[in-house]
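Working notes, beginning with the structure itself.
Counting starts at 1 for both ligands and their atoms, following the listed order. Note: hydrogens, waters and symmetry copies are ignored here, and every other heavy atom, side chains too, is used.
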Amino acid sequence: MNLLRFFPPALMLGSILLAAPGGAAPQTIKPGETWPDDRGRHVQAHGGGIIKLGDTYFWFGEDRSEDNDPGKRYVACYSSKDLAHWTFRNQVIKLSDPENFGPKWVLERPKVFYNEKTKKFVMYMHIDGPSPTSDPRNGYALARVGIATCDTVDGDYQYLKSFRPLGLESRDIGQFIDDDGSAYLVFESRPKRGFYIARLSDDYLDVEKEVCFIRSPLEGGAIVHYDGLYYAIGSRLTGWAPNANKYATAPSLSGPWTEFQDIAPPETKTYGSQSTMMIKVAGAKATTVIFMADIWKPKTQWDSRYLWMPLEIGGGKLWLPEPRPWTLDMETGEARIVE
Ligand code: DGJ
């Protein structure tokens, strides 16, 4: 088994253990399988993001339900206390083309931030579509972010505006909230062949300051702060097709960042998935970092799956173990592979 592959025992995860069969186990997370919500329907939160309020996690993502109105774009919100059982809360966005972007307009990768000062929930989304001034075959020419806000976490979000962050083309977005609560947008910028980490304004309604530009053409940007180091994961630019996702580390968000390295055997193409976020769960005994990724099914998007796995992480190394069913103990923070 590969848990020890790159890790001397001292570095070994602290968090991934092998579970004995039987026993009162928490709910199993099954990478790649359908993930039923409390209604028994497959969770629709693709390209998603998660925030934690009190002891509750809220998962937002693209709702690609087959019966959605094809003219609208949807974002769904789910809640959970254990990251395994998800309760459907609301389709928080049910939006008709808000700025005459055209019938092929795109809303992807929604991320919600809670602003303590304004008490508003602020959603960022990748807004795109063909541009009247570019090749109509390019469905991602607008390259903007949109913002919607709400007074409650799972209410109906009101669309406010779209713009190019820092005046730059922006496609895939990621969110990062540091341990001190500061909020960052991660966005891929193709003309620059890299991605930005940028700080949000005080009210979160703007992208204020470039913190770092990482010159590596990667999207699906995800960042975690673990044991004194920042780890960033991204995927190469291959559309819906999976590729070998990579990671780099830095002592500070502003860098310097190491070279990017594979997070999994490259021939597996990240086990058919693409990064969207990392979540850190700190318990009484261990801190587990979960890799959240999408297994896209571009022709049947509603059936796209999720690959969530605890990462092997520490000392500047990061590795995605081969996906297997696992459980997470929210008290101890320990992840267990189900044998
Ligand atoms: C890869 C991105 O990560 C997805 O969110 C989506 O934009 C696809 N490209 C579209 O091809």
One should read off an interatomic distance between Leu107 CG and Lys72 NZ, to the nearest 0.5 angstrom, of 13.5 Å

Show me the pairs that pass salt bridge (Lys or Arg N to Asp or Glu O under 4.0 Å) and involve residues 265-281, at least two apart or across chains. Asp179-Lys280

List for me each residue that meets side chain to side chain donor-acceptor pair (under 3.5 Å) alongside Asp156, sequence neighbours excluded, and say none if there are none. Asn90

Are Phe113 and Phe121, when compared by the centres of their aromatic rings, separated by less than 6.0 Å? no

Residues lining ligand 1 [heavy-atom distance under 4.0 Å, listed by chain and residue number]: Glu108, Arg109, Tyr140, Asp172, Glu219, Gly239, Trp240, Gln274

Ignoring hydrogens and geometry beyond distance, is a side-chain donor-acceptor pair present between Gln44 and His42 at under 3.5 Å? no

Could you list the residues that satisfy side chain to side chain donor-acceptor pair (under 3.5 Å) with Asp172, not counting sequence neighbours? Arg109

